[in-house]
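Read the numbers this way: they start at 1 and go in the same order the structure lists the ligands and their atoms.
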Amino acid sequence: MDETVENREKERSPEDLFDRIKSMLPSEAGFIKAEFEGPDIIIYLKNAKALYENEGIVRSIATSIKKKLVIRSEVSVLMPKAKAEEMIRSIVPPDAVINSVKFVEEFSEVYIEALKPGLVIGKGGSTLKAIAMGTNWTPKVLRMPTMESATLSRVRQLMFNEADFRKKFLVGVGKHINRTIAKSEWLKATALGGYREVGRSSLLLETPHTKIILDCGLSPEPAVKGMEANAGSDVNKAFPYLDSANLSINELDAVVLTHAHMDHIGFVPYLFKFGYEGPVYCTPPTRDLAALLLNDYIKLSQRAGGTPLYGEKDIRKMLTHMIVRDYGEVTNITDELKLTYHNAGHILGSATVHLHVGEGMYNIVHTGDLKYGFTRLYDPAVTKYPRIDSLFIESTYGGHGDVTKNRGDAERDMMETIKATVQRGGKVIIPLFAVGRAQELQMVLENYMMNKPEYKLDVPVYLDGMILEASAMHTAYPEYLKESLRNRILNNRSPFESEIFEIIKGEREEIFEKGPSVILASGGMMNGGASVEYFKRLADDARNTIVFVGFNSSNSLGRRIQNGVKEVPLPDENGKLHSVPVNLQVRTVEGFSGHSDRHQLVQFVENLRPRPKSIYTMHGEEQKCEDLARALGRAIHADARAPMNLDSIRLK
Ligand SMILES: [Zn+2]
């Protein structure tokens, strides 16, 4: 062992670190013990009140040791639960509408689920502080969605039920993160999927001591069995090349996710099925949306008579191994890697990933999917980072011709299309990704149909598939939304609950019998989902219109319809194929995408501060990745490339 390593170890052994913390605490706090719990350090005290009254101490210790500190009361001093609940209900004003109070002894925490969390928190945190001071439990606030979401309740319940496991798991992860390792000499990235293609996104990052995976998705086409005839897909291209990286699953230190779309998360439960037991990092909405989308994938596969790659059990296992972080929280995910999420503007909870490797050795920004432009839901992606050496950037619309129209024009175009269809007695199907585009469209329709006299069409707008659940999740995380929308939700004027929307739960027959309507149906690329069911019934009537607003991958059914196919084979309930004539109007309205167009991608890079020295394009068809790399290289005089799957790049 060389001298530097020895010094580092001396300085950084957990015992020394905990001793240092203890020495900085006032003696009346009654230090009991400290331990690692995931990326955080937990300090158990006999008298946590001493610190609640002087919060500056905790902040200064955290700054000095460069880690997040969590203060908890030792179990013996926690107020008995019934009494504590009584006190909480008397301290919190009734307008907060408390739904439930749950105690988790493993973490000395009490979870208060309320309709108005702001009132549980109080001005400057005063109500929370009163609860902590009065009961010794650490209060945590959960927002009740204004619309019911079964998935959200299930995920929250799972976390409570598994608290005992979670505690052990997090302590184990904490020890692993904080093991002291020698300084790394190199850093390597290997493209495992989603390079020069859209789908199965995955990147492996390696140092001599650390291996992490950034995203781990499925390709969209073959993901739903039974639809292969239309997808023209190759099952061999469905998964990331994990096997080729000579990677044993338990060597992985962490999986880091950017957002909840299937092409970024769809393969993660499979890792658990095959024995992965490490942490998965993501934002809180990504965890909950992942639960929704992964379970839906299982249902879709089964309905199509296929065998899903994994079961609900594997999804639950994944959920209990997730560690959630909000935007801006700097998190040590290994001894030499710090992760920070920032808003990516793409879907609820979507994030760009900033990774700081070693002590100042290297910095990576990975965009995941990115929107750098106006949407009604989210602020544009963040462009300011502490440092950037390499940028990995998506290229979905990175081709030089991929310039989408102005958003105002797109909205009017959409409304005119709907109006014309309604006037000739037809129905409009809009196939959508349930998460993201659906909510964007809901906001547009609500705005025009409620506020603009020329578009008060007086027809129902049906919501089918997972859209409702996904919209409900948006109401549980208003802090992830744009300010104007956040305020509407907080003031109980959520656009997702507008009177223009009618919810379809299973029974579709009525819609076909009734007159004109607008149908927002999940199944964006039409490789399965509600949109396909509507299409089957409405495709042969020339009065109807199908409007595409999102990305259709090159082999998708959506793309084939866009390209003007006159007949498509589609499976019935028994999986038997029938030919469906396509007579309805086919329209594509661009400008609603959750992805940046070419201009926005270039602008994003030009506005990045600081500017990266190297750029790698990903998540786009081959030509778009190459084209965008050339343009970005020229724009900021950086070394820009479009790696292929299986390429390894030495970054440092
Ligand atoms: Zn996405």
The Zn ion (ligand 1) - closest N/O/S atom in Asp369:
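The closest N, O or S atom of Asp369 to the Zn ion (ligand 1) is OD2.
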Looking only at the side chains, is there a donor atom on one of Thr340 and Glu329 sitting less than 3.5 Å from an acceptor on the other?
no
Would you call the rings of Tyr270 and Phe267 parallel, tilted or perpendicular if under 30° counts as parallel and over 60° as perpendicular?
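Plane angle under 30°, so parallel.
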Can you tell me the angle formed at the Zn ion (ligand 1) by NE2 of His346 and ND1 of His261, to 10°?
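The NE2/ND1 angle about the Zn ion (ligand 1) sits at 90°.
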Test item: Lys188 side-chain N/O and Leu204 main-chain N/O as donor-acceptor pair under 3.5 Å
no
Between Ser395 and Gly398 (side chain of the first, backbone of the second, donor and acceptor by atom type, cut-off under 3.5 Å), is there such a pair?
no
Is His259 close enough to the Zn ion (ligand 1) to have an N, O or S atom under 2.8 Å?
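It does; at least one qualifying atom falls short of 2.8 Å.
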